[in-house]
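Data first, discussion second: the structure below is written as structure tokens.
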Amino acid sequence: MPAVTNPDPLAPALARDAEHREILLGRAGRAQSAEEATRLLGIAREVGDERRRAGTLLAILEGSDWRYPACRFQQGEVISGLTDLIRGLASEGPWATLDFLLAPDTARAGRTPLQAF
């Protein structure tokens, strides 16, 4: 009987995706819980959820929990100007948005779009 080498042809791609997400979270500093992020912003959890659903507060889904990348905040506030960019990228999804924000750009001498803010 031949050995089954890989029953799921997508397994390697899924593993690369999971690894890339871990790298992004490392670059993001860390991901805050919804409670931490809304406390930092001085808003109610429900308001944070509304902003996330509206695409103005970047959050990523980890398991069943929404997590907020710490790089999105500076001195207890959302980085100025970032909300419009996040809203514009909302259709791409939160992971793609985070990837864009943290990707070094040769046109910016290796700086990321987030660093440009």
Side-chain angles (χ1 to χ4, degrees):
M1 173 180 264
V4 176
T5 57
N6 191 353
D8 184 354
L10 295 177
L14 292 172
R16 284 190 304 274
D17 184 53
E19 181 180 343
H20 185 68
R21 287 178 178 201
E22 287 300 316
I23 291 169
L24 284 176
L25 287 176
R27 288 183 190 160
R30 70 181 191 90
Q32 299 172 322
S33 69
E35 289 78 19
E36 289 173 309
T38 54
R39 186 174 43 247
L40 176 71
L41 294 172
I43 59 176
R45 166 75 189 260
E46 295 77 21
V47 174
D49 290 341
E50 289 173 14
R51 289 183 183 179
R52 174 186 46 79
R53 284 191 295 271
T56 61
L57 189 58
L58 180 62
I60 53 175
L61 192 58
E62 286 188 308
S64 61
D65 297 323
W66 287 102
R67 309 281 293 167
Y68 296 78
C71 65
R72 171 87 165 81
F73 307 104
Q74 187 174 54
Q75 298 173 349
E77 301 211 3
V78 174
I79 296 173
S80 178
L82 204 51
T83 298
D84 290 335
L85 178 64
I86 289 170
R87 186 181 298 126
L89 293 171
S91 66
E92 301 301 318
W95 284 104
T97 300
L98 185 61
D99 194 20
F100 172 79
L101 289 171
L102 299 175
D105 186 352
T106 55
R108 292 186 176 91
R111 291 178 54 211
T112 68
L114 184 64
Q115 290 169 326
F117 281 92

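It should be emphasised that the depicted structure is a prediction, and the values quoted were computed from it without experimental measurement. No hydrogens, no waters, no symmetry mates; every other heavy atom, side chains included, goes into these values.
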- Query: Where do Glu36 and Tyr68 land on the side-chain contact (heavy atoms from CB on, under 4.5 Å) test, with the steps shown first?
  - Reply: CA-CA 9 Å; Glu36 289 173 309; Tyr68 296 78; over 6 Å; no
What side-chain donor-acceptor pairs closer than 3.5 Å can you find for residues 46-60, not counting sequence neighbours?
| residue | atom | partner | partner atom | Å |
| --- | --- | --- | --- | --- |
| Asp49 | OD1 | Arg45 | NE | 3.3 |
| Thr56 | OG1 | Arg51 | O | 3.2 |

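Of all heavy-atom pairs spanning Trp95 and Leu61, the tightest one is NE1-O, 3.9 Å. In terms of heavy-atom proximity, Ala103 sits nearest to Pro113 at O-CD, 3.2 Å.
Taking CG of Leu102 as the start and OG1 of Thr97 as the end, the distance is 10.5 Å to the nearest 0.5 Å. A distance of 8.5 Å separates CD of Gln32 from CG of Leu41, quoted to the nearest 0.5 Å.
Put simply, the side chain of Asp99 reaches to within 4.5 Å of the side chain of His20, judged on heavy atoms. For the pair Arg111/Pro104, no side-chain contact is recorded, criterion being any heavy-atom separation below 4.5 Å from C-beta on.
When the salt bridge (Lys or Arg N to Asp or Glu O under 4.0 Å) test is applied to Glu92, no partner is found at least two apart in sequence or on another chain.
Of the residues Leu101, Leu25, Leu98, the one that meets the side chain to side chain contact (heavy atoms under 4.5 Å, CB included) test with Cys71 is Leu98.
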